[in-house]
There are 2 protein chains.
Amino acid sequence: MATGRTHRPATRSRGIPEATVARLPLYLRALTALSERSVPTVSSEELAAAAGVNSAKLRKDFSYLGSYGTRGVGYDVEYLVYQISRELGLTQDWPVVIVGIGNLGAALANYGGFASRGFRVAALIDADPAMAGKPVAGIPVQHSDQLEKIIEDNGVSIGVIATPAGAAQPVCDRLVAAGITSILNFAPTVLSVPDGVDVRKVDLSIELQILAFHEQRKAGEGAAADAGAVPLAPKASRKGPDGDVPAVMPA
Amino acid sequence: MATGRTHRPATRSRGIPEATVARLPLYLRALTALSERSVPTVSSEELAAAAGVNSAKLRKDFSYLGSYGTRGVGYDVEYLVYQISRELGLTQDWPVVIVGIGNLGAALANYGGFASRGFRVAALIDADPAMAGKPVAGIPVQHSDQLEKIIEDNGVSIGVIATPAGAAQPVCDRLVAAGITSILNFAPTVLSVPDGVDVRKVDLSIELQILAFHEQRKAGEGAAADAGAVPLAPKASRKGPDGDVPAVMPA
DNA sequence: ATGTCTTTGTGAACGCGTGCACAAAGATGG
DNA sequence: CCATCTTTGTGCACGCGTTCACAAAGACAT
């Protein structure tokens, strides 16, 4: 997947491992699809296939939530949907602000996956005065002057940053100061936040780079000889460290 | 972070752990910033801070690539940029197609982070005939009829799927059949692909759900009593499994 | 009621990733 | 040339996550 874990060092919250929490939305999505097809029960094997994971892993994940299955039968779909939703906190209403209404911000505002999961876009915020008042996804964009007021008035605790990299940290600081305690960051920067604030990041180009790495390997090491200009090595003579191209090392 | 690992069971490619590969783009970004400020060398401590990781982890990561540092001094910025770029395969040109030019697809097409890393948007593809010919980010959208031809003519091996969930698997199948071997999937679906094809997924709503989970915990378990309608438990009487709300279990 | 069959829930083993802590390496100054 | 000081590279131990494999539990048929 594209996103990575972030700063929290695998803290297991009330006994539920981080890795499990990260998979719960996956199960929930698969279960919702089954629910819409009015499937009453599902076995761990079937559900695991639908979610793209191992069935043993799925059973262990569910075991952290409690004993919600029936042996010999499987899991009750509706019941499980409710339990996971509750565990994830999706039975609550989560107002969210999106800061930075460029192409990505607009795409996020229009994204249907939020509303269907209890997330409500409370406000769109942008630093460009020309954007102010212009409706995006049916919601008028507000100027960033209003940021603190918007967050306090709506009791927002989750913020989405979709600004350019340079603006991200200042925006982040203001969000945190205004009371935001969870941030989803799309800007390609490392955000520094005080303890108690969660940050998750999504970096589109990082994902592509990881794919490129594997793609390069699949293409075979043989064809890797591009004779382009090569920066000089620092100083000392370098021995090619296993698999390096000798020409890269000008001594 | 937002993305997750995907199907590949932590295969370590030529001795470089997956976890390390996932961090290389992070280091590269930090190094590029230093390079632009003409910083000649950097210590593991400084670079680790800039990348938001532990310095021991960074040194261990680099040790998988080779011995590229100088003790007592640190790492040569330019040299390291080149080595990591080469390791990630970014010294090559990677043509990429984006399928599904909605809000998100358009945002991706406009995203600057791709071009600056050796990725070239070779084509934009959409199923809507009305989109055909319309330029997005300076590139004319082509109809999906042309998909196979585009991929073959341009030697594309990386595809980005930004379609609605329902269209994702058929598109994926066509991409794979046409020769694509790496896919970045933004559609909220599990894609099934043959062996040898890498899939990474980015799911925006999953990230928010994970944040909501932690947010709920931060808010304290005390206030968790929402007395909404609760689906019935399957059949048998259920004992509340440690921390559950008794009222949820109607026997 | 009893037996069979399916499927869950979990104990245990294994492997990967992380972080500590230190020895080796080299730069720098006298 | 030697001493000192900084910073790398890594051996080691620990903990989390994954997977296997199986006993326990319940449904269902007879």
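A note on names: the letters A, B, ... follow the listed sequences, proteins ahead of strands, and every chain is numbered from 1.
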### N/O (side chain, A:K57) to phosphate O (OP1/OP2, D:dT19) under 4.0 Å
yes
### Task
Would you kindly give the CG-to-P distance between A:L58 and D:dT18, to the nearest whole Å?
12 Å
### Task
Let me know, please, whether A:D61 or A:G72 comes out on the 5' side of the other along DNA chain D by nearest nucleotide.
A:D61
### Quiz item: B:R71 side-chain donor-acceptor pair to D:dT8 base, under 3.5 Å
yes
### Query
Roughly how many Å is it from CD in A:E46 to P in C:dT6, rounded to a whole number?
14 Å
#### Entry: N/O donor-acceptor pair under 3.5 Å between A:K218 side chain and B:G196 backbone
yes
### Query
Could you give the CG-to-P distance, from A:N54 to C:dT8, as a whole number of Å?
13 Å
### Summary
Here the distance between atom C1' of D:dG9 and atom CD of B:E45, to the nearest Å, is 14 Å
### Message
Looking at the base of D:dG9, is there any donor atom on it, or on the side chain of B:K60, that sits under 3.5 Å from an acceptor on the other one?
### Response
no
### Query
Base, sugar-phosphate, or nothing: which does B:F62 touch, judged by heavy atoms less than 4.0 Å apart?
nothing
### Task
Figure out the CZ/P separation between B:R59 and C:dA25, and round it to whole Å.
16 Å
## Note on the structure
B:L65 atom CG is separated from D:dT8 atom P, nearest whole Å, by 15 Å
### Query
Is it true that the side chains of B:Y82 and B:E78 contain a donor and an acceptor less than 3.5 Å apart?
no
#### Entry: Presence of A:Y75 side-chain N/O under 4.0 Å of C:dG9 phosphate oxygens OP1/OP2
yes
### Summary
Regarding the side chain of B:E18, the nearest nucleotide among C:dC20, D:dA21, C:dG17 is C:dG17
### Message
Counting C-beta onward and ignoring hydrogens, is there a side-chain heavy-atom pair between A:P194 and A:V176 closer than 4.5 Å?
### Response
yes
### Closest to the B:T70 side chain, choosing from C:dG17, C:dA27, C:dT8
C:dA27
### Task
Take the protein atom CD1 of A:I16 and the nucleotide atom P of D:dG17, then report the distance between them rounded to whole Å.
12 Å
### Query
Between atom OH in A:Y64 and atom P in C:dT8, what is the gap in whole Å?
17 Å
### Query
A:S43 side chain: which of C:dG17, C:dT7, D:dG9 is closest?
C:dT7
### Query
Does the side chain of B:S44 get closer than 4.0 angstrom to OP1 or OP2 of D:dT7 through an N or O atom?
no
### Query
Between B:T20 and B:D61, is any side-chain donor less than 3.5 angstrom from a side-chain acceptor?
yes
### Query
Under 4.0 Å between a side-chain N/O of A:R23 and OP1 or OP2 of D:dT18, yes or no?
yes
### Query
Would A:Y75 and A:F62 count as a close aromatic pair, with their ring centres under 6.0 Å?
yes
